[in-house]
Amino acid sequence: MPELPEVETIKRTLEPKLTGQSFTEALIYLPTIIRIPGIEEFKKEIVGQKIKSISRRGKYLTINLSNNLALIFHLRMTGRLIYCHADEPIVKHTHLILKLDSGNELRFIDVRQFGRIWLVSVQKLNTVSGLKDLGPEPFDKKFTREFLKKELRRRRTRIKPLLLDQTFIAGLGNIYADEALHRARIHPEKLACNLTARETSKLFITIREVLEEGINNRGTTFRDYVDGNGQAGSNQELLQIYNREGQPCLKCKTTIVRIKISGRSSYFCPSCQKE
DNA sequence: CCGTAACCCTGCGTGC
DNA sequence: TGCACGCAGGGTTACG
C-alpha cells in the first residue's frame with residue numbers, strides 16, 4: 001500500500017531517470033484508470049511533452065510536464081510505476097505504457113485496478129479528486145505541534161480514522177498510522193479531543209518518526225509495493241505493530257490485537273495502548 | 001460533524 | 001483438486 005514513504009521513494013527513484021526526457025507514445029490497455037481526459041485526448045496531449053520535474057503531495061505523484069501540464073498518479077493499494085527498458089517483458093496487469101525518447105518506458109501496473117491517473121493543465125489541478133482538499137504535509141512547516149493540538153481538541157472522532165483522513169493530514173495510511181499510535185502509546189479508538197497534551201506532543205513526534213524511517217528504509221513491501229526501479233523496500237522488517245496480530249508486543253510481550261475501526265484493520269497492543 | 005457501509009477489483013486463504 | 005466464499009484495502013460517495 002503506497003503511503004507517503006512509498007510514494008516519496010518512487011518519486012526519488014524516478015526523478016533522476018525521467019527528468020529531461022520526452023514522451024513519444026502512450027499505450028493504454030485499461031482506459032478506466034485514466035480519469036481525465038478521454039483516452040484519445042490523453043494520447044494526443046502527452047506525446048511530445050518533456051518532463052520537467054516530479055513532485056509528491058500526500059500520496060499523489062505528479063510528473064510536471066512542459067506547457068504547464070501535470071500527469072498525476074494515485075497508486076491506491078496495488079499500483080506500481082516502473083521505469084524500465086522497452087525490452088522488458090510486459091507483466092500481467094500492465095494498464096499503461098508511456099514510451100520515452102531514450103528507448104525506455106514508464107509503466108503503470110495495478111492488480112486491483114484502483115489506481116487513478118489524470119492529465120490536466122496546472123490551472124485545473126482542482127479537478128483532480130482529493131488533491132485540493134489534502135491536509136498539511138507532515139514535514140511541512142505548517143504542520144506544527146500547535147496545529148495538531150488545536151485540531152485534535154475540536155474533533156470528536158476517534159484518533160485512528162482521523163489520521164487516515166487525508167483532508168486532516170496528508171500521506172498517512174493504515175501501516176504508518178498504526179505504527180505512530182503504537183509508538184505514542186495511544187489507543188486507536190481514543191477520541192481525538194480526549195488526547196492529553198503529552199499524548200498529542202508524542203504523536204506529533206512519532207508521526208514524523210515513522211514516516212522518516214519509512215523513507216530511509218525505502219518503503220514497506222508486503223506484497224505489491226516496489227520503487228520506480230522495481231525494487232522492494234525493507235521497512236516491513238522494522239514494523240512494531242502492523243500485521244502482527246497474535247504476536248507478542250516487542251515492548252511488553254503482550255499479544256497484539258487486531259480490531260476493525262470504520263471498516264479498517266487496526267493493530268494495537270492492549271497494554272501499551274490503553275483507552 | 002460523525003459513523004457506517006457500499007463500491008471499485010483481484011488474489012489468496014479457508015472450508016467443504 | 002476444485003469450487004464457493006469472504007476478506008483485504010484507499011478513497012469517494014451516499015445516507016442516517
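Here is how names work: the chains are called A, B, and so on, in the same order as the sequence lines, proteins then strands, and each is numbered from 1.
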Problem - Contacting residues from residues 257-269 of chain A, given that a heavy atom lies under 4.0 angstrom of DNA chain C - result: A:R258, A:K260, A:R264, A:S265
Practice task
Determine: side-chain N/O of A:R158 to OP1/OP2 of B:dT4, distance under 4.0 Å, yes or no.
Solution key: yes
Problem - A:H74 side chain near C:dG11 phosphate (N/O to OP1/OP2, under 4.0 Å) - result: yes
Handout entry: d(CG, A:L134; C1', C:dG10) in whole Å
Key = 13 Å
Practice task
Please say whether more than 12 non-hydrogen atoms of neighbouring residues, nucleotides or ligands are located less than 6.0 Å from NZ in A:K251.
Solution key: yes
Exercise for the section: Verify the neighbour count for atom NZ of A:K190: are there more than 12 heavy atoms of other residues, nucleotides or ligands below 6.0 Å? Expected result: yes
Exercise for the section: Spell out, as yes or no, whether a donor-acceptor pair under 3.5 Å connects the side chain of A:K132 to the backbone of A:S129. Expected result: no
Fill in the blank from the handout: Letter by letter from the 5' end, nucleotides 8-14 of chain B scores (B base, S sugar-phosphate only, - none; protein heavy atoms under 4.0 Å) BBBS---
Problem - Interatomic distance where NZ belongs to A:K160 and P belongs to C:dG11 [whole Å] - result: 13 Å
Problem - Parallel, tilted or perpendicular: rings of A:F204 and A:F143 (30°, 60°) - result: tilted
Practice task
Tell me what A:Y60 touches on the nucleic acid: a base, only sugar-phosphate, or nothing, going by heavy atoms under 4.0 Å.
Solution key: sugar-phosphate
Handout entry: Spacing between A:D224 atom CG and C:dG10 atom P, to the nearest angstrom
Key = 12 Å
Exercise for the section: For the pair A:E209 and A:R183, find out whether any cationic side-chain nitrogen is under 4.0 Å from an anionic carboxylate oxygen. Expected result: yes
Exercise for the section: Take the protein atom CG of A:L131 and the nucleotide atom C1' of C:dG11, then report the distance between them rounded to whole Å. Expected result: 13 Å
Completion exercise
Across all chains, not counting sequence neighbours, the salt bridge (charged side-chain N to carboxylate O under 4.0 Å, His left out) partners of A:R12 are A:E8
Exercise for the section: Only one of A:E3, A:E213, A:E6 passes side chain to side chain donor-acceptor pair (under 3.5 Å) with A:Y176; say which it is. Expected result: A:E6
Exercise for the section: Could you check whether A:G130 gets within reach of a base, just the sugar-phosphate, or nothing at all, counting any heavy atom under 4.0 Å? Expected result: sugar-phosphate
Handout entry: A:R56/A:E137 salt bridge by N-O under 4.0 Å criterion
Key = yes
Problem - Side-chain ion pair, A:D227 and A:R218, N-O less than 4.0 Å - result: yes
Exercise for the section: Measure the distance from CZ on A:F168 to P on B:dC2 and round it to the nearest whole Å. Expected result: 10 Å
Exercise for the section: Give the rounded distance in Å between these two atoms: CD of A:E151 and C1' of B:dC1. Expected result: 13 Å
Exercise for the section: Would you mind classifying the nucleic acid contact of A:D110 as base, sugar-phosphate or nothing, using non-hydrogen atoms under 4.0 angstrom? Expected result: nothing
Problem - C:dG11 OP1/OP2 closer than 4.0 Å to side-chain N/O of A:K59 - result: yes
Exercise for the section: Measure the distance from CD on A:E245 to P on C:dA8 and round it to the nearest whole Å. Expected result: 9 Å
Exercise for the section: Answer with base, sugar-phosphate or nothing: what part of the nucleic acid does A:Y242 contact at a heavy-atom distance below 4.0 Å? Expected result: sugar-phosphate
Exercise for the section: Without swapping roles, check the side chain of A:K52 against the backbone of A:I63 for a donor-acceptor pair under 3.5 Å. Expected result: no
Practice task
Please figure out whether A:S129 or A:M77 has its closest DNA chain C nucleotide nearer the 5' end.
Solution key: A:M77
Problem - Whole-Å gap separating P (B:dC2) and CG (A:L162) - result: 8 Å
